[in-house]
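Worksheet for the structure shown next.
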Amino acid sequence: MSPSSDAPFELFIGGRDVPGTRGERQTLLDPSTNEPLVQAAVGSNDDARAAMESAERAFRESNWAADDGARRAKALFRLAGLLESRLESFALLETRNMGKPLRESRGDLGYVVRTLEYFAGLADKVEGASIPVPGPRLDYTIREPLGVTVHIAPWNYPLLLAVRSIAPALAAGNAVVLKPASLTPLTAIAFARLAKEAGVPDGILNVVLGSGAEVGEALISDARCRSVTFTGSGEVGQRIAELAARRLVPLTLELGGKGPVVVFPDADLDRAAKGIGYGIFQNAGQMCWAASRLLVHESVRDPLLERVRAIAEQLRLGPGTADGIEMGPLVSREQVDRVLGYVEEARAEGAQVVSGGGRATDPSLALGNFVRPTILSGVPDSARAVQEEIFGPVLTAGTFADVEEALARANATSYGLLGTVWTRDLGNAHAFARRLECGMVVVNEAPITFPQSPFAGTKGSGVGFEQGRAAVHAYTREKNVLLNLGPAKRKG
Ligand code: NAD
């Protein structure tokens with residue numbers, strides 16, 4: 001299993017690699033050169049059906065759901081251990097496929113290991129409750145797995161975002177069908193093979209490749225689908241919500257963001273600048289929770305922007321596999337066009353380019369999807385570059401005069417994923433965090449999360465949440481059982 005191998009990456013259904021029924025293949029390109037990288041199978045409606053059937057059978061016939069969870073815990077811990085021992089080859093595969101610097105892929109894979117360990121630890125703790133009721137009765141609840149759960153993942157953190165939802169689903173005893181993004185399916189397939197090695201029964205984890213419109217919709221519309229978790233764009237999220245509503249299937253949507261970063265005048269500007277640089281330029285800005293909308297108090301605008309500009313201009317761009325690279329290419333040519341389209345439009349609306357603003361200038365990077373870290377100032381709040389998710393290394397910088405203005409502008413988009421606040425006054429930070437319309441707030445740090453903390457968006461950023469203890473419960477249904485214990489005995 002290596003990206004240079006001639007063997008195509010296939011679908012993983014019922015515990016084995018299978019070619020798609022149509023025998024179709026797509027050539028994936030290396031984002032740093034746009035040279036062919038590897039061939040991957042393209043699945044169809046029929047493959048989606050086969051995966052659902054395999055999952056449903058495994059759910060019924062294996063004892064994955066039936067035991068007390070200890071077996072699931074062991075398998076998931078083993079999977080975490082196996083992945084940790086092969087972390088380097090998985091990180092390399094992720095980087096080659098998606099483009100991000102190797103050190104970021106290593107970080108992502110470390111996060112995947114930790115996520116598996118966290119949910120492995122919860123697999124034997126899926127408990128119900130006993131509820132006091134009148135009379136000689138016993139009332140209790142049981143948490144049962146849902147059955148077959150469908151998970152649709154995007155390309156920006158390919159394995160991490162897939163495992164973020166499949167780990168709790170597996171821990172709760174479900175059978176999973178995963179559809180990775182068409183551009184970045186490689187680590188998901190390698191991961192499914194590893195799960196088999198770790199003892200996850202055949203059919204409990206299936207991976208189907210293919211287009212969202214065909215394979216994704218076929219999975220959600222299948223009568224065996226008992227829940228859908230989607231991470232991706234708002235537009236597709238709405239379509240998925242419609243499909244799920246037709247079948248009354250529970251739904252988790254993790255969508256886009258337009259994260260405000262609010263810097264108060266008392267902030268430590270050196271730390272804030274580093275955090276802002278990291279929050280918008282890591283993963284070349286291809287992050288739902290990117291800290292993409294800077295709002296800085298007018299009294300510290302110049303010194304802060306100068307610091308962030310210096311960071312942007314010093315970042316080393318290059319292929320993710322090369323040593324010392326700090327920012328890789330974007331995932332595809334289309335993504336470059338999309339990102340630069342926003343920059344050009346903002347310029348036409350009067351924005352000043354503080355830094356970057358176009359493709360990388362180094363001729364050795366000309367064939368790849370490299371965009372320079374970009375800072376725009378003076379962009380009107382109504383501009384698409386301020387209102388919409390750019391999903392690239394582009395920071396817009398605006399100012400505010402007082403707290404109320406900062407809050408009003410921070411909340412003035414349709415998104416509500418993650419907001420960042422920089423101040424030394426923790427009372428102010430707390431008050432501001434409470435009024436931000438976001439599912440998550442980080443104070444004095446770049447965007448960060450842990451498997452044990454809820455990950456959630458509000459407004460246009462999503463429905464439901466992931467991570468944390470309760471994520472396992474989201475993949476269960478609560479059943480109430482009431483026992484009448486017989487006629488009450490009279491006292492004496
Ligand atoms: P996308 O919405 O284009 O695709 C996401 C996934 O959905 C892919 O696997 C795709 O094949 C599939 N899909 C597309 N159309 C479908 C359909 N009609 N039915 C079913 N599935 C379909 O998103 P993307 O371009 O892969 O990823 C970028 C987006 O993801 C950004 O908007 C970003 O903000 C969002 N995102 C959100 C989070 C979060 O946790 N909130 C995390 C990462 C990315």
Side-chain angles (χ1 to χ4, degrees), residues 26 40 42-43 45 48 97-98 100 108 111 115 150-166 177-186 188 207-222 225 228-247 249 251-259 280 282-292 330-332 334-335 338-339 342 388-392 413-418 438-440 447 449 451 453-467 471:
Q26 64 161 339
V42 178
N45 281 329
N97 190 179
M98 192 270 164
K100 64 176 70 183
D108 292 0
Y111 196 93
T115 300
V150 167
H151 306 252
I152 299 181
W155 48 257
N156 57 335
Y157 290 87
L159 190 59
L160 189 156
L161 293 177
V163 172
R164 184 171 78 178
S165 74
I166 66 179
V177 178
L178 166 67
K179 196 203 86 62
S182 310
L183 289 174
T184 56
L186 302 186
V207 180
V208 202
L209 314 185
S211 82
E214 181 175 355
V215 171
E217 296 206 5
L219 294 175
I220 301 163
S221 308
D222 191 288
C225 165
V228 179
T229 305
F230 168 78
T231 308
S233 60
E235 198 185 351
V236 175
Q238 282 183 9
R239 169 76 184 145
I240 285 176
E242 280 167 24
L243 293 173
R246 281 186 206 159
R247 299 200 40 255
V249 167
L251 179 73
T252 303
L253 296 176
E254 292 287 1
L255 310 175
K258 193 70 194 175
I280 184 64
Q282 64 156 318
N283 208 11
Q286 299 163 113
M287 296 172 284
C288 54
W289 68 355
S292 55
L330 303 192
V331 72
S332 65
E334 291 69 28
Q335 193 63 12
R338 187 183 131 90
V339 168
Y342 277 107
E388 296 181 12
E389 186 177 44
I390 297 179
F391 227 58
T413 74
S414 59
Y415 290 111
L417 193 56
L418 181 136
C438 293
M440 297 172 284
T449 185
S453 313
F455 191 105
T458 180
K459 294 163 58 179
S461 290
V463 173
F465 66 93
E466 295 199 88
Q467 301 189 149

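Remember, it's 1-based here, ligands and their atoms both numbered in the order they're listed.
Closest non-hydrogen pair, A188 versus V207, comes out as O-CG2, 3.8 Å.
Comparing A213, G439, G457, C288 by heavy-atom distance to atom 38 (C) of ligand 1, the nearest is C288.
Here T231 has heavy atoms under 4.0 Å from ligand 1 in both its backbone and its side chain. Contacts with ligand 1 closer than 4.0 Å are made by no heavy atom of L243, backbone or side chain. Of all the heavy atoms of Y157, none lies under 4.0 Å from any atom of ligand 1, so neither backbone nor side chain is involved. Residue contacts with ligand 1, taken as heavy atom pairs separated by less than 4.0 Å, do not involve L219 at all.
If you number the atoms of ligand 1 from 1 as listed, the ones under 4.0 Å from a heavy atom of P180 come out as 9 (O). Atoms of ligand 1 found under 4.0 Å from any heavy atom of V236 (numbered from 1 in listed order, with element): 2 (O), 13 (N), 14 (C), 15 (N), 16 (C), 17 (C), 22 (C). Those atoms of ligand 1 with a heavy atom of A181 less than 4.0 angstrom away are 8 (C), 9 (O). Close approach of ligand 1 to I152 is summarised as follows: ligand atoms under 4.0 Å from at least one heavy atom of the residue are 6 (C), 7 (O), 9 (O), 12 (C), 20 (C), 21 (N). Atoms of ligand 1 found under 4.0 Å from any heavy atom of N156, numbered from 1 in the order shown, are 43 (C), 44 (C). Close contacts of ligand 1 with G216, meaning ligand atoms under 4.0 Å from a residue heavy atom, involve 20 (C), 21 (N). Heavy-atom contacts of G256 reach the following atoms of ligand 1: 34 (O) (cutoff under 4.0 Å). The contact set between ligand 1 and E217, taken as ligand atoms under 4.0 Å from a residue heavy atom, comprises 17 (C), 18 (N), 19 (N), 20 (C).
No cation-pi contact links K179 to F230, judged by a cut-off of 6.0 Å to the six-membered ring centre and 45° from its axis.
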(Q) If you apply the rule side-chain hydrogen bond (donor to acceptor under 3.5 Å, both in side chains), what do you find for S182 with Q26, and how did you get there? (A) CA-CA 9 Å; S182 310; Q26 64 161 339; 5.2 Å; no
(Q) Assess the residue pair C288 and F455 against the criterion (side chain to side chain contact (heavy atoms under 4.5 Å, CB included)); give the C-alpha distance rounded to whole Å, side-chain angles, the decisive distance to 0.1 Å, and a yes or no. (A) CA-CA 12 Å; C288 54; F455 191 105; 4.3 Å; yes
Q) How far apart are the C-alpha atoms of Y157 and V163, what are their side-chain angles, what is the distance that settles it, and do they pass the side chain to side chain contact (heavy atoms under 4.5 Å, CB included) test? A) CA-CA 10 Å; Y157 290 87; V163 172; over 6 Å; no
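Going from atom OG1 of T413 over to atom CD of E388 covers 10.5 Å, rounded to the nearest 0.5 Å. Note: Q282 CD to K100 NZ = 8.0 Å, rounded to the nearest 0.5 Å.
Looking at R247 and D222, no side-chain N of the basic residue comes within less than 4.0 Å of a carboxylate O on the acidic one, giving no salt bridge.
Some N or O of R164 is nearer than 3.5 Å to an N or O of ligand 1, by distance alone. Of the N or O atoms in S211, none lie within a sub-3.5 Å distance of an N or O in ligand 1. At a 3.5 angstrom cut-off on N or O pairs, L255 counts as close to ligand 1. Note: an N/O pair closer than 3.5 Å links K179 and ligand 1 by distance alone. The shortest N/O to N/O separation between G234 and ligand 1 does not fall below 3.5 Å. Annotation: S233 places an N or O atom under 3.5 Å from an N or O atom of ligand 1; distance criterion only. Checked by distance only, ligand 1 and W155 come closer than 3.5 Å through their nitrogen or oxygen atoms. Every N/O-N/O distance between G257 and ligand 1 stays at or above 3.5 Å. The distance criterion of under 3.5 Å between nitrogen or oxygen atoms is met by E389 with respect to ligand 1.
For W155 and F391, the ring centers sit closer than 6.0 Å to each other.
Atom 6 (C) of ligand 1 has A153 O, 3.4 Å as its closest protein atom, hydrogens excluded (heavy atom only). What sits closest to atom 27 (O) of ligand 1 on the protein, heavy atoms only, is P154 CB, 3.3 Å. Atom 35 (C) of ligand 1 has G232 O, 3.1 Å as its closest protein atom, hydrogens excluded (heavy atom only). Nearest protein heavy-atom contact of atom 28 (C) of ligand 1 is F391 CE2, 3.5 Å. For atom 13 (N) of ligand 1, the nearest non-hydrogen atom of the protein is G212 CA, 3.4 Å.
Using a distance-only test at 3.5 Å, with no hydrogens or angles considered, no donor-acceptor pair links the side chain of Q335 to the main chain of G392. Judged purely by atom type and a 3.5 angstrom limit, S453 has no side-chain atom pairing as donor or acceptor with the backbone of T449.
P180 places a side-chain heavy atom less than 4.5 Å from the side chain of L209. Side-chain contact between S233 and L255 is absent, with no heavy atoms from C-beta onward closer than 4.5 Å. When side chains are defined from C-beta on, C225 counts as touching V249, because their heavy atoms get closer than 4.5 Å. With a 4.5 Å cut-off on side-chain heavy atoms, E217 and N45 do not count as touching.
Inspection of the E466 and T252 side chains reveals no N or O donor paired with an N or O acceptor under 3.5 Å.
At least one heavy atom of F230 sits closer than 4.0 Å to an atom of ligand 1. F455 counts as a contact of ligand 1, since one of its heavy atoms falls under 4.0 Å from the ligand.
Other residues, nucleotides and ligands contribute at most 12 non-hydrogen atoms within 6.0 Å of the CD atom of E235.
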